[in-house]
Colleague: 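Here's a structure for you.
Everything quoted here is computed from the prediction, not taken from an experiment.
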Amino acid sequence: MNSNNPQLPEAEKTELSIGYMRLTDSVPLIMAQELGLYEKYGLNVSLMQEVSWANIRDKLAVGALDAAQMLAPQLLMASTGIAGMRVPVSTGLVLSLNGNAITLSRKLSEQLAAESQSDNLSTGPQKSALALCKIIKALAPHKLTLATVHTFSCHTLLLHKWLKLGGIDPDTDVRIIVLPPQQMVDSLANGVIDGYCVGEPWNTVAVQYGIGSIVSTGYDIWPNAQEKVLAVTDSWHQKNPCTHLRLRLALMESCAWLSNDQNRLASAEVLSRPEYLNLISPMLRPSLTGKLVANKGDSALYQPDFHLFYKESAGFPWRDAAEEILLASAQMVGMKMSQETAASIAQQAYRTDLFREASRLLDSECPSTDRRK
């Protein structure tokens, strides 16, 4: 990649505050800092760890953050105003694909395993979902409580997809609540919830503490789903297009660096520091290496694309993927949205032109079309 392009325009703003969550897939933002990539592009970045996705949206909206790691569905639905304040937000870079899993309490997962033994026909996520359906019927009228990180998130969509595989109605057969990611493990340990869908490392933490078991990964249910995006408000981009370009260049280089397995191992040590995720690196390595352990003491299940940051145009803001997310999110909350409306929102929020601009300057690969064939 040729990053020292003499034609790079001058930044309108060099001091930036960027929000992120205490999650393993915040690694592109963190490693861009540690590798000096922000500095390389003339930016002085302060990384601000936030406590919830709602906080990130609100701080971005009022200008307390210049940019942020954001949930793809959250960004897309922000322009509708259905989740609170209406905020025109857009992205020119998808930061990561995949990275989520569904974890249930040890007691519930043991019941699930016992029920699954009698099912010789189903496999994968459907097998565990069908077993859960039997347990739910036996528990009625008591309902299990499951948690997700935000109403408009791939976590919620994944949880709904998984439940429906087993014939479970997410709206009536279970109770689904919203919790910040880092509260999931304690809530599971204290019996507040029976399970959750969350990003790493909070599935691995539950497994290693012996509190829960991973019953399915997001990749098994919805492979290569867009997960986190680099979000800025439209008004911020209009005022700072050259700064935004430099920020995308730095993060695209960071994502490319993470395509190397040894670099991912090194990044686990960085993420473990107190100023970042503040967890021991053995909690962070499994998802970064794709070697997740579903139950404490078990052998690892190898899923090399569990986290995707760069491979096969992972960073490209595919608009057809955005439309799929929008329509599924709207349907989930009973909102009527036409294909035309979804396409219009996707076109405004997913700035493929911005991705192409940065790719051209980096001499990196870029899809020849804005839609998958």
Colleague: Please examine the side chains of Arg356 and Phe316, heavy atoms only from C-beta on, and report whether any two atoms are closer than 4.5 Å.
Modeller: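 Side chain of Phe316 against side chain of Arg356, heavy atoms only: contact under 4.5 Å found.
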
Colleague: Could you walk me through whether Gln348 and Ser79 pass the side chain to side chain donor-acceptor pair (under 3.5 Å) test, one step at a time?
Modeller: CA-CA 10 Å; Gln348 294 174 35; Ser79 64; over 6 Å; no

Colleague: With a cutoff of under 4.5 Å between side-chain heavy atoms, which Ile, Leu, Val, Met, Phe, Trp and Tyr residues group with Leu292?
Modeller: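 Hydrophobic cluster check, Leu292: joined to Val207, Ile214, Val293, Phe306.
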
Colleague: Less than 3.5 Å apart, any donor N or O on the side chain of Gln49 or Tyr276 sitting next to an acceptor on the other?
Modeller: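 The criterion, which ignores hydrogens and geometry beyond distance, is not satisfied for Tyr276 and Gln49.
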
Colleague: May I ask you to test the Arg351-Pro317 pair for a side-chain heavy-atom distance under 4.5 Å?
Modeller: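 Result no, sub-4.5 Å side-chain heavy-atom pair not found.
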
Colleague: Thr341 vs Ser344, test: side chain to side chain donor-acceptor pair (under 3.5 Å). Steps then yes/no.
Modeller: CA-CA 5 Å; Thr341 299; Ser344 176; over 6 Å; no

Colleague: What distance separates Leu8 CG from Cys242 SG, expressed to the nearest 0.5 Å?
Modeller: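 Spacing of CG (Leu8) from SG (Cys242) equals 8.0 Å.
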
Colleague: Is the closest side-chain heavy-atom distance between His155 and Glu227 below 4.5 Å?
Modeller: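 Yes, their side chains come closer than 4.5 Å.
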
Colleague: To the nearest 0.5 Å, tell me how far Ser216 OG sits from Ile102 CD1.
Modeller: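 With rounding to 0.5 Å, OG (Ser216) is 5.5 Å from CD1 (Ile102).
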
Colleague: Applying side chain to side chain contact (heavy atoms under 4.5 Å, CB included) to Arg248 and Glu357, what does each step give before you reach the verdict?
Modeller: CA-CA 10 Å; Arg248 294 195 308 280; Glu357 178 187 28; 2.8 Å; yes

Colleague: Could you tell me the separation between the CD atom of Gln262 and the OG atom of Ser267, rounded to the nearest 0.5 Å?
Modeller: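 The distance works out to 11.0 Å.
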
Colleague: May I ask you to test the His307-Asn98 pair for a side-chain heavy-atom distance under 4.5 Å?
Modeller: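 Not touching, per the 4.5 Å side-chain cut-off.
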
Colleague: For the pair Ile18 and Leu29, evaluate side chain to side chain contact (heavy atoms under 4.5 Å, CB included) and give the outcome as yes or no after the intermediate values.
Modeller: CA-CA 8 Å; Ile18 302 178; Leu29 296 161; 4.0 Å; yes

Colleague: Grouping I, L, V, M, F, W and Y whenever their side-chain heavy atoms are under 4.5 Å apart, do Val87 and Val62 come out in a common cluster?
Modeller: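 As far as the 4.5 Å side-chain criterion goes, Val62 and Val87 are not connected within one cluster.
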
Colleague: Does Asp186 form a side chain to side chain donor-acceptor pair (under 3.5 Å) with Gln183? I'd like the steps, not just the answer.
Modeller: CA-CA 6 Å; Asp186 284 346; Gln183 290 184 19; over 6 Å; no

Colleague: Which pair of non-hydrogen atoms, one from Gln208 and one from Pro282, has the smallest distance, and what is that distance?
Modeller: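 Residues Gln208 and Pro282, closest heavy atoms: NE2-O, 3.1 Å.
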
Colleague: Might you work through the side chain to side chain contact (heavy atoms under 4.5 Å, CB included) test for Cys366 and Phe355, ending with a clear yes or no?
Modeller: CA-CA 8 Å; Cys366 186; Phe355 185 92; 3.8 Å; yes

Colleague: Hey, any chance Val149 and Leu279 share a hydrophobic cluster, counting ILVMFWY side chains that come within less than 4.5 Å of each other, even indirectly?
Modeller: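 Yes, same cluster.
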
Colleague: For Lys143 and Asp173, run salt bridge (charged side-chain N to carboxylate O under 4.0 Å, His left out): C-alpha distance rounded to whole Å, both residues' side-chain angles, the deciding distance at 0.1 Å, then the answer.
Modeller: CA-CA 7 Å; Lys143 291 184 180 181; Asp173 294 337; over 6 Å; no

Colleague: Under the 3.5 angstrom rule, does the side chain of Glu200 hit a backbone N or O of Asn203 as a donor-acceptor pair?
Modeller: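 Here the side-chain-to-backbone pair exists.
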
Colleague: Same cluster or not: Val192 versus Tyr196, using hydrophobic residues (I, L, V, M, F, W, Y) connected whenever any side-chain heavy atoms lie under 4.5 Å apart?
Modeller: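 Shared cluster, yes.
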
Colleague: More than 12 foreign heavy atoms under 6.0 Å from CD of Glu10: is that the case here?
Modeller: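 Open: at most 12 neighbouring heavy atoms sit under 6.0 Å from CD of Glu10.
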
Colleague: Once you measure the plane-to-plane angle for His150 and Phe152, does it fall in the parallel (<30°), tilted (30-60°) or perpendicular (>60°) bin?
Modeller: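 Rings of His150 and Phe152: tilted, 30 to 60°.
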
Colleague: Going by heavy atoms in the side chains, are Ile136 and Ile168 under 4.5 Å from each other?
Modeller: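 Sidechains of Ile168 and Ile136: in contact.
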
Colleague: Can you confirm whether more than 12 heavy atoms, excluding those of Lys134, are under 6.0 Å from its NZ atom?
Modeller: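 Buried by this count: over 12 neighbours within 6.0 Å.
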
Colleague: Taking Asp305 first and then Lys311, would you say they form a salt bridge - that is, a charged N and a carboxylate O separated by under 4.0 Å?
Modeller: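 Result for this pair is yes, salt bridge flagged.
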
Colleague: Is there a donor-acceptor contact under 3.5 Å from the side chain of Thr204 to the main chain of Pro201?
Modeller: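 Checked: no pair found.
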
Colleague: Taking atom types as modelled, find out whether Ser105 and Asp194 have a side-chain donor-acceptor pair closer than 3.5 angstrom.
Modeller: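 Side-chain D/A pair, Ser105 to Asp194: absent.
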
Colleague: Please check this pair: side chain of Trp162 against backbone of Pro125, looking for a donor-acceptor N/O pair closer than 3.5 Å.
Modeller: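 Side chain of Trp162 to backbone of Pro125: a pair is present.
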
Colleague: For Pro88 and Arg86, work out which heavy atoms get closest and say how close.
Modeller: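 Nearest pair, atom of Pro88 first, then Arg86: CG-NH1, 3.8 Å.
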
Colleague: Just how far is it from atom CE of Met184 to atom OG of Ser187, taken to the nearest 0.5 Å?
Modeller: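 Going from the CE atom of Met184 to the OG atom of Ser187 covers 7.5 Å.
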
Colleague: Within a 6.0 Å radius of atom CD on Glu39, are there more than 12 heavy atoms belonging to other residues, nucleotides or ligands?
Modeller: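 Result for CD/Glu39: open.
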
Colleague: Establish whether Val178 and Val185 are linked, either directly or via other cluster members, by ILVMFWY side-chain heavy-atom contacts under 4.5 Å.
Modeller: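 Different clusters: Val178 never reaches Val185 through Ile, Leu, Val, Met, Phe, Trp or Tyr contacts under 4.5 Å.
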
Colleague: Measure across Thr91 and Leu230 and return the closest heavy-atom pair with its distance rounded to 0.1 Å.
Modeller: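 Looking at all heavy atoms of both residues, the shortest contact is OG1-O, 2.7 Å.
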
Colleague: Quick check on the hydrophobic clustering: are Leu130 and Leu139 connected, directly or via other members, by side-chain heavy-atom contacts under 4.5 Å?
Modeller: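 No, Leu130 and Leu139 fall in different hydrophobic clusters.
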
Colleague: Nearest 0.5 angstrom please: Asp25 CG to Ile30 CD1, how far?
Modeller: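 Output value for this atom pair is 10.0 Å.
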
Colleague: With no hydrogens and no angle check, is any side-chain donor or acceptor of Gln69 less than 3.5 Å from a backbone partner on Met21?
Modeller: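 Yes: the side chain of Gln69 pairs with the backbone of Met21.
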
Colleague: Between Asn295 and Ser213, is a side chain to side chain donor-acceptor pair (under 3.5 Å) present by the stated rule, with each step listed?
Modeller: CA-CA 5 Å; Asn295 298 283; Ser213 299; 2.5 Å; yes

Colleague: Keeping the roles fixed (side chain from Arg175, backbone from Leu144), state whether a donor-acceptor pair exists under 3.5 Å.
Modeller: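 No; zero donor-acceptor contacts below 3.5 Å.
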
Colleague: Answer yes when Glu50 and Arg22 have at least one side-chain N-carboxylate O distance shorter than 4.0 Å, and no when they do not.
Modeller: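 Judged by the 4.0 Å cut-off on N to carboxylate O distance, Glu50 and Arg22 do not form a salt bridge.
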
Colleague: Any idea which heavy atoms bring Met48 and Ser17 closest together, and the distance?
Modeller: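 What the structure gives for the nearest pair is CG-CB, 4.1 Å.
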
Colleague: Mind checking whether Asn44 and Thr14 have side chains closer than 4.5 Å, heavy atoms only?
Modeller: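 The answer is no; the side chains never approach within 4.5 Å.
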
Colleague: Could you tell me the separation between the CG atom of Leu308 and the CD atom of Gln226, rounded to the nearest 0.5 Å?
Modeller: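 Reported value, rounded in 0.5 Å steps: 11.5 Å.
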
Colleague: Evaluate Arg273 against Glu34 for salt bridge (charged side-chain N to carboxylate O under 4.0 Å, His left out), listing each step before the verdict.
Modeller: CA-CA 12 Å; Arg273 295 178 190 168; Glu34 292 295 319; 2.8 Å; yes

Colleague: Please answer whether the main-chain N or O of Val51 pairs with a side-chain N or O of Asn55 as donor and acceptor at a distance below 3.5 Å.
Modeller: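 Checking the backbone N and O of Val51 against the side chain of Asn55, no donor-acceptor pair under 3.5 Å is found.
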
Colleague: Between Glu323 and Arg319, does any NZ, NE, NH1 or NH2 come within less than 4.0 Å of an OD or OE carboxylate oxygen?
Modeller: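 Answer for the salt bridge query: no.
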
Colleague: Going through the distances and angles, do Trp222 and Cys154 end up as a side chain to side chain contact (heavy atoms under 4.5 Å, CB included)?
Modeller: CA-CA 9 Å; Trp222 187 6; Cys154 281; 4.1 Å; yes

Colleague: Does anything in residues 260-272 pair up under salt bridge (Lys or Arg N to Asp or Glu O under 4.0 Å), and if so which pairs, sequence neighbours excluded?
Modeller: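 Of all non-adjacent pairs touching residues 260-272, those that pass salt bridge (Lys or Arg N to Asp or Glu O under 4.0 Å) are Glu269-Arg285.
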
Colleague: Do Thr243 and Glu12 touch side chain to side chain, with heavy atoms closer than 4.5 Å?
Modeller: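 Yes, at least one pair of side-chain atoms sits under 4.5 Å.
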
Colleague: Examine distances only and state if a side-chain atom of Ser109 and a backbone atom of Arg106 form a donor-acceptor pair shorter than 3.5 Å.
Modeller: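 Checking the backbone N and O of Arg106 against the side chain of Ser109, a donor-acceptor pair under 3.5 Å is found.
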
Colleague: Please report the shortest heavy-atom distance between Ser329 and Leu157, naming the atom on each side.
Modeller: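 Closest approach of Ser329 to Leu157: OG-CD1, 3.8 Å.
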
Colleague: With heavy-atom distances below 4.5 Å as the criterion, would you say the side chains of Glu365 and Tyr310 are in contact?
Modeller: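 Glu365 does not reach Tyr310 side chain to side chain.
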
Colleague: If you compare all heavy atoms of Ile280 against all heavy atoms of Ser272, which two are closest, and at what distance to 0.1 Å?
Modeller: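 Result for this residue pair: C-CB, 4.2 Å.
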
